[in-house]
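The next block holds one structure in the form of structure tokens; read it before the comments.
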Amino acid sequence: MCGRYALTSPPEALAKLFAAIGALPNFPRRYNAAPSQALPIVRRTPRPGRELALARWGLIPSWSKGPDSRFSMINARAETVAEKPAYRGAFRHRPCLVPANGFFEWQAAKGGKQPYYFSLKSGEPFAFAGLWEHWIGAGGDEIESFTIIVTDANDCVAPVHQRMPVILHMQDHARWLGEDDAPTRERLALLRPLPADEMQCWPVSKKVNSPANDSPDLLEAEADLLGP
DNA sequence: CCAGACGTTGTT
DNA sequence: GTCTGG
DNA sequence: CCAGACGTTGTT
DNA sequence: GTCTGG
């Protein structure tokens, strides 16, 4: 699963890395991004090209009566995303990249849950596979939202949690976004766990538990819990 | 036909 | 909107 | 994902 | 326990 992540690269760096063109939205460095918040995604523009845009984390299906949290879906299962009513249309027509520098998972243990931070060994920002949606309310209000696709944990994440977000390799971004017109099965084939040897992980402070905390120290390793 | 759902996770 | 269940 | 709330009335 | 808010 994935219910919290970090995005510390600035808009200019992300636009360059993910080949987004046009006006850049403004957003601060985030060390503890949480559902319901406005966060950047990368998606296709009506013309050929990609753009960086802000959207609310928690996909609101277009048929939903409102931005009700019961229909605000923060994760979609890779195994069923192409068929589920809430995601099928977005899977075909509204894929997106969700830029991140790392993500958190919680390990259930005696005495409470211990959070861990996961990132790439390369230290580079990366993209989760996501879907976005455009919701228009009865009063004409509009919300753009997104969800992050999840799959089985790899051997890096498995000791902490059984599920993890899908992280795409740079060379697969175009296919996920549908820019090469690949058939559905080839887009689905991208929704696999990233190889474990490309990732690193360490325990972090429980300060990350509260979404109100959002500071650089949340990403620092908690020395007490590192191995001998 | 209409009504109701439409999602994920873990349960130490 | 679209599918499943009754 | 976790934290925190979880209620009613009448009031300008 | 269960729901909402961030």
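First the proteins, then the strands, lettered A, B, ... as listed; each starts at 1. These numbers come from the heavy atoms of this one structure, side chains and all, not from hydrogens, waters or symmetry mates.
- Taking Lys207(A) as the reference, Asp217(A) meet the side-chain hydrogen bond (donor to acceptor under 3.5 Å, both in side chains) condition, with sequence neighbours excluded.
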Are any protein N/O atoms closer than 3.5 Å to N/O atoms in nucleotides 1-6 of chain C? If there are, list each pair with its distance.
residue	atom	partner	partner atom	Å
dC3(C)	OP1	Arg88(A)	NH2	3.3

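- Residue pairs meeting the salt bridge (Lys or Arg N to Asp or Glu O under 4.0 Å) criterion with at least one partner in residues 90-100 of chain A, sequence neighbours excluded, are Arg94(A)-Glu133(A).
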For residues 22-30 of chain A, which side-chain donor-acceptor pairs fall under 3.5 Å, sequence neighbours excluded?
residue	atom	partner	partner atom	Å
Arg29(A)	NH1	Thr8(A)	O	2.5
Arg30(A)	NE	Asp214(A)	OD2	2.6
Arg30(A)	NH1	Gln37(A)	OE1	3.1
Arg30(A)	NH2	Asn32(A)	O	3.3
Arg30(A)	NH2	Gln37(A)	OE1	2.8
Arg30(A)	NH2	Asp214(A)	OD2	3.3

Side chains of residues 153-168 of chain A: which donor-acceptor partners sit under 3.5 Å, not counting sequence neighbours?
residue	atom	partner	partner atom	Å
Asn154(A)	OD1	Cys156(A)	N	2.9
Asn154(A)	OD1	Val157(A)	N	2.9
Asn154(A)	ND2	Leu194(A)	O	2.6
His161(A)	ND1	Trp106(A)	O	3.4
Arg163(A)	NH1	Glu79(A)	OE2	2.8
Arg163(A)	NH1	Asp152(A)	OD1	2.9
Arg163(A)	NH2	Glu79(A)	OE1	3.0
Arg163(A)	NH2	Glu79(A)	OE2	3.3
Arg163(A)	NH2	Val150(A)	O	3.4

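- Every pair passing ring pair (Phe, Tyr, Trp, His ring centres under 6.0 Å) that includes a residue from residues 173-192 of chain A is listed here, sequence neighbours excluded: Phe18(A)-His173(A), Phe91(A)-Trp176(A).
- Taking the side-chain hydrogen bond (donor to acceptor under 3.5 Å, both in side chains) definition, one finds that Arg44(A) meets it with nothing, sequence neighbours left out.
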In residues 115-123 of chain A, what donor-acceptor pairs under 3.5 Å come from side-chain atoms, sequence neighbours left out?
residue	atom	partner	partner atom	Å
Tyr116(A)	OH	Gln107(A)	OE1	3.0
Tyr117(A)	OH	Asn101(A)	O	3.3
Tyr117(A)	OH	Gly102(A)	N	3.4
Ser119(A)	OG	Gln200(A)	NE2	3.2
Lys121(A)	NZ	Asp197(A)	O	3.0
Ser122(A)	OG	Glu124(A)	N	3.1

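- On the nucleic acid side, DNA chain D contacts chain A at distances under 4.0 Å to non-hydrogen atoms, with the end points of that region at dC1(D) to dA3(D).
- Near DNA chain D, defined here as any heavy-atom distance below 4.0 Å, the residues from residues 205-215 of chain A are Asn209(A), Ser210(A), listed numerically.
- For the side-chain hydrogen bond (donor to acceptor under 3.5 Å, both in side chains) test, no residue two or more places apart in sequence or in another chain qualifies with Gln114(A).
- Residues passing the side-chain hydrogen bond (donor to acceptor under 3.5 Å, both in side chains) test with His93(A): none are found, sequence neighbours excluded.
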